[in-house]
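Because the structure is predicted, anything quoted here is derived from the model rather than measured.
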Amino acid sequence: PDTKNGYTYEDCKATADWLLAQTDVRPKVGIVCGSGLGGLAEMLKDQVAFNYKDIPNFPQSTVHGHAGRLVFGTLKGRPCVCMQGRFHLYEGYSIQKITLPIRIFKLLGVETVMLTNAAGGLNQDFKVGDIMIIKDHLNMPGFAGNNPLSGPNDERFGVRFPCMSDAYDRELQQMAMDVGQELGYGDFLKEGVYCVLGGPSFETVAESRMLHKLGADAVGMSTAPEVIVARHCGMRVFALSLITNQVVMDYDSVEKANHEEVLQTGKERAEQLERLVSTMVTKIEHN
Ligand code: 6GU
């Protein structure tokens with residue numbers, strides 16, 4: 001895979017301008033769909049879609065369950081752009097490459113980024129099928145120096161040392177709770193801290209116990225790097241995890257994490273998760 005790790009402002013601008021020349025949609029909301037959660041993209045009206053392989057500078061999705069299309073369109077009249085399939089560290093791409101689409105969002109005019117993912121539940125009160133509103137994250141690759149903002153900083157995107165204590169927009173979290181209640185999702189709508197690991201191997205029992213002790217409620221392999229890049233360039237962020245499996249926390253368990261389980265649960269709850277996000281899109285105010 002391509003591991004080019006520096007994309008200049010001009011690289012991003014070239015990609016954004018290439019896209020803007022081919023669609024009249026001027027999205028205010030950018031959505032990133034997680035594993036098995038790409039159905040949201042299908043809800044867009046008057047679609048203009050691009051395969052990742054046709055977009056200049058774009059990586060390609062290599063994971064089963066991820067389609068690999070950038071879809072422009074409207075959700076109940078609101079202009080949106082949606083990544084149907086995202087990029088992960090474990091695919092071998094640099095962290096700058098997996099977060100490139102977020103900067104493209106910014107240059108397309110996006111003001112609010114909404115992300116979804118499939119995650120394993122660490123919080124013992126969570127059940128498979130719960131939807132977790134992400135209120136904060138633990139960025140484990142960042143602890144090891146793998147941060148998407150490593151390298152020269154371009155002030156046209158943001159400051160050298162961006163604040164992350166307010167990464168997840170409080171108002172949007174509250175809106176999700178309210179909308180979720182209205183839709184009758186109260187029983188399975190939770191909130192918590194998302195922990196990202198590099199993957200692709202799932203956690204050992206010792207690792208899962210450690211993450212739980214550190215304050216993580218769910219664990220996955222995405223989202224936090226994208227959130228960092230989105231906050232760096234001043235976009236509002238909202239993110240949801242679908243709890244697709246309970247992480248194995250003891251040595252007696254006969255459960256084993258597997259990708260098929262992740263995709264199956266995704267299918268069952270996906271529609272409700274998609275309705276939550278699309279309803280929120282119609283309520284978000286933009287300048
Ligand atoms: Cl159990 N772990 C990780 N790291 N990612 C996941 C997952 C588990 N379930 C879905 N995605």
**Request:** Report the residue from Val237, Thr223, Leu149, Ile95 that forms a side chain to side chain contact (heavy atoms under 4.5 Å, CB included) with Ile228.
**Result:** Leu149
**Co-membership, hydrophobic cluster, residues Leu40 and Ile284, 4.5 Å side-chain** = yes
**Request:** Report yes or no: do Met83 and Met235 belong to one cluster of Ile/Leu/Val/Met/Phe/Trp/Tyr joined by side chain heavy-atom distances under 4.5 Å?
**Result:** yes
**Asked** Does the pair Arg86/Glu91 count as a salt bridge with the N-to-O cut at 4.0 Å?
**Response** no
Can you tell me if [X] uses its side chain to pair, donor with acceptor, with the backbone of [Y] under 3.5 Å?
| X | Y | value |
| --- | --- | --- |
| Thr99 | Gln96 | yes |
| Asp178 | Met175 | no |
| Gln22 | Trp18 | yes |
| Asn51 | Asp54 | no |
| Lys106 | Cys233 | yes |
| Glu226 | Pro101 | no |

**Request:** Indicate the ring-plane relationship of Phe58 and Tyr52, choosing parallel, tilted or perpendicular according to the 30° and 60° boundaries.
**Result:** tilted
**Prompt:** If you draw the axis of the six-membered ring of Phe188, does the NZ or CZ of Arg269 fall within 45° of it and under 6.0 Å from the ring centre?
**Reply:** yes
**Request:** Mind jotting down which residue pairs meet the ring pair (Phe, Tyr, Trp, His ring centres under 6.0 Å) criterion with at least one end in residues 193-239? Sequence neighbours excluded, please.
**Result:** none
**Prompt:** Tell me the ring pair (Phe, Tyr, Trp, His ring centres under 6.0 Å) pairs involving residues 127-160, sequence neighbours left out?
**Reply:** Tyr9-Phe157, His137-Tyr168
**Request:** Step by step, work out the side-chain hydrogen bond (donor to acceptor under 3.5 Å, both in side chains) result for Gln84 and Glu42.
**Result:** CA-CA 9 Å; Gln84 199 174 22; Glu42 315 287 348; 2.7 Å; yes
**Asked** Below 4.5 Å, heavy atoms only, C-beta onward: do Leu211 and Leu197 meet side chain to side chain?
**Response** yes
